[in-house]
Amino acid sequence: MLHWLYGRAGKAADAGRSTRATNAGGGLAAGTFVATAKGWCPVEEIRVGDEIITFDDGMQAVTGVNSRLEAPHGDEAAPTPMISVPAGVIGNRRPILVTQKQAVMVESDMAKAILGEPFALIEAKTLSRLGGTRKMRPQAPVTTVTLTFETPQMIFVEGEALIYCPSEEAPSPVTLEAAVWGRQDVRYPVLPKATAEMVVASLEIRDLHAPKGPRLTPHPGGA
């Protein structure tokens, strides 16, 4: 799985670089497997300087790691619910738990009609009930981790799911509207809510007519 990516050229960041942690609003729950140069690795075990397989730039070194402890359900300081994404919804081999503002990649004919290409970046909370995706408050404390790179990147988690990771200079994804009307150099703009909801609705219709069951991909970690 992903062996073809190992040969892709990419500009690696300085592995010895020390950077500050960045809270981008997005995050992956501890236990989520990420595709690295050494194989699949739990996100909480990744350190600055580790090389990660990216979608567009081959191997890239992590420049920052931000870990946060999310309070459990019932705690007065409990944050907004997290998003539980069942296996197969975005190419993930196993269920994953992410923050609501974590940007994820989806593939859709509707996105192609709107954007001219089938891939679109949306916030996880917009996935709504797609494939059983739901909001949930953890019953126990959950550590979430955000990885940052020299430039924004899309990384592989739990098989073929593509997850947005920010750079130090751009700590959170920018909406498509902002990219069009403001900054022109945004690498991975996130669809505005209304457009994202249209794309997700088209995926729900597609899934009604698709064979049931998640798409099978090699299991991260070799299990």
Side-chain angles (χ1 to χ4, degrees), residues 22-29 32 34 43 55-56 68 70 73 78-138 142 144-148 152-167 170-183 186-210 214-215:
T22 301
N23 187 340
L28 301 171
T32 304
V34 174
V43 65
F55 184 65
D56 287 308
R68 303 178 300 281
E70 308 289 352
H73 178 60
T80 54
M82 297 184 70
I83 304 298
S84 175
V85 185
V89 173
I90 55 174
N92 47 312
R93 184 62 178 83
R94 301 190 305 169
I96 58 176
L97 189 64
V98 300
T99 60
Q100 291 197 59
K101 294 184 70 63
Q102 175 62 59
V104 302
M105 190 74 78
V106 296
E107 183 176 2
S108 155
D109 290 339
M110 176 67 74
K112 185 174 183 179
I114 296 172
L115 305 173
E117 59 181 44
F119 300 104
L121 198 61
I122 65 174
E123 290 187 342
K125 63 183 179 183
T126 315
L127 289 173
S128 184
R129 295 177 298 278
L130 180 65
T133 300
R134 63 188 180 90
K135 293 180 180 180
M136 62 167 291
R137 289 188 185 274
V142 174
T144 60
V145 181
T146 301
L147 306 178
T148 59
Q153 299 291 343
M154 300 298 299
I155 66 171
F156 292 88
V157 306
E158 295 292 352
E160 298 177 354
L162 284 167
I163 300 294
Y164 173 87
C165 290
S167 67
S172 60
V174 178
T175 66
L176 184 61
E177 292 168 323
V180 172
W181 298 108
R183 297 168 53 186
V186 177
R187 188 176 195 189
Y188 297 115
V190 176
L191 290 184
K193 181 180 179 181
T195 307
E197 289 176 344
M198 289 175 57
V199 169
V200 171
S202 73
L203 292 174
E204 291 175 335
I205 294 172
R206 180 201 65 186
D207 287 352
L208 286 176
H209 304 284
R215 176 175 47 180

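The model shown is predicted, which means the values in this text are computed figures rather than measured ones. Position 1 is the first residue of the sequence; numbering continues from there. Excluded from the calculations below are hydrogen atoms, water molecules and symmetry mates; all remaining heavy atoms, backbone and side chain alike, are included.
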[X] to [Y] - nearest heavy-atom pair and separation:
X	Y	value
Pro189	Leu121	O-CB, 3.6 Å
Gly26	Thr146	O-OG1, 2.5 Å
Ala196	Thr126	CB-CG2, 3.5 Å
Val89	Gly131	CG2-O, 3.9 Å
Val34	Leu28	CG2-CD1, 4.4 Å
Met82	Pro138	SD-CG, 3.9 Å

### Message
Val104 vs Ile122, test: side chain to side chain contact (heavy atoms under 4.5 Å, CB included). Steps then yes/no.
### Response
CA-CA 6 Å; Val104 302; Ile122 65 174; 4.1 Å; yes
Do [X] and [Y] make a side-chain contact, defined as non-hydrogen atoms from C-beta onward lying under 4.5 Å apart?
X	Y	result
Val106	Val199	yes
Met136	Ser84	yes
Ile96	Val98	yes
Phe55	Ile163	no

Spacing of [X] atom [atom1] and [Y] atom [atom2] [to the nearest 0.5 Å]:
X	Y	atom1	atom2	result
Glu107	Phe119	CD	CZ	4.0 Å
Tyr164	Met154	OH	CE	9.0 Å
Leu162	Gln153	CG	CD	11.5 Å
Ser202	Ile114	OG	CD1	7.5 Å
Leu191	Glu197	CG	CD	11.0 Å

Does the [X] side chain pair with the main chain of [Y], one donor and one acceptor, at a distance under 3.5 Å?
X	Y	answer
Ser108	Met110	yes
Asn92	Pro86	yes
Gln102	Gly27	yes

### Derivation and outcome, side chain to side chain contact (heavy atoms under 4.5 Å, CB included), residues Val43 and Leu147
CA-CA 8 Å; Val43 65; Leu147 306 178; 4.3 Å; yes
#### Entry: Under 3.5 Å side-chain donor-acceptor pair for Arg187 and Ser167
no
### Task
Take Thr99 and Thr144 through the side chain to side chain donor-acceptor pair (under 3.5 Å) test and state the conclusion after the steps.
CA-CA 8 Å; Thr99 60; Thr144 60; over 6 Å; no
### Query
Passes side chain to side chain contact (heavy atoms under 4.5 Å, CB included), Gln100 versus Lys135? Steps please.
CA-CA 8 Å; Gln100 291 197 59; Lys135 293 180 180 180; 3.4 Å; yes
#### Entry: Sidechain N-carboxylate O distance under 4.0 Å for Arg94, Glu158
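Yes, this pair counts.
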### Query
Listed by chain and number, what are the side-chain contact (heavy atoms from CB on, under 4.5 Å) partners of Lys112, not counting sequence neighbours?
Pro118
### Task
Kindly determine whether Ile205 and Leu203 satisfy side chain to side chain contact (heavy atoms under 4.5 Å, CB included), including the steps that lead there.
CA-CA 5 Å; Ile205 294 172; Leu203 292 174; over 6 Å; no
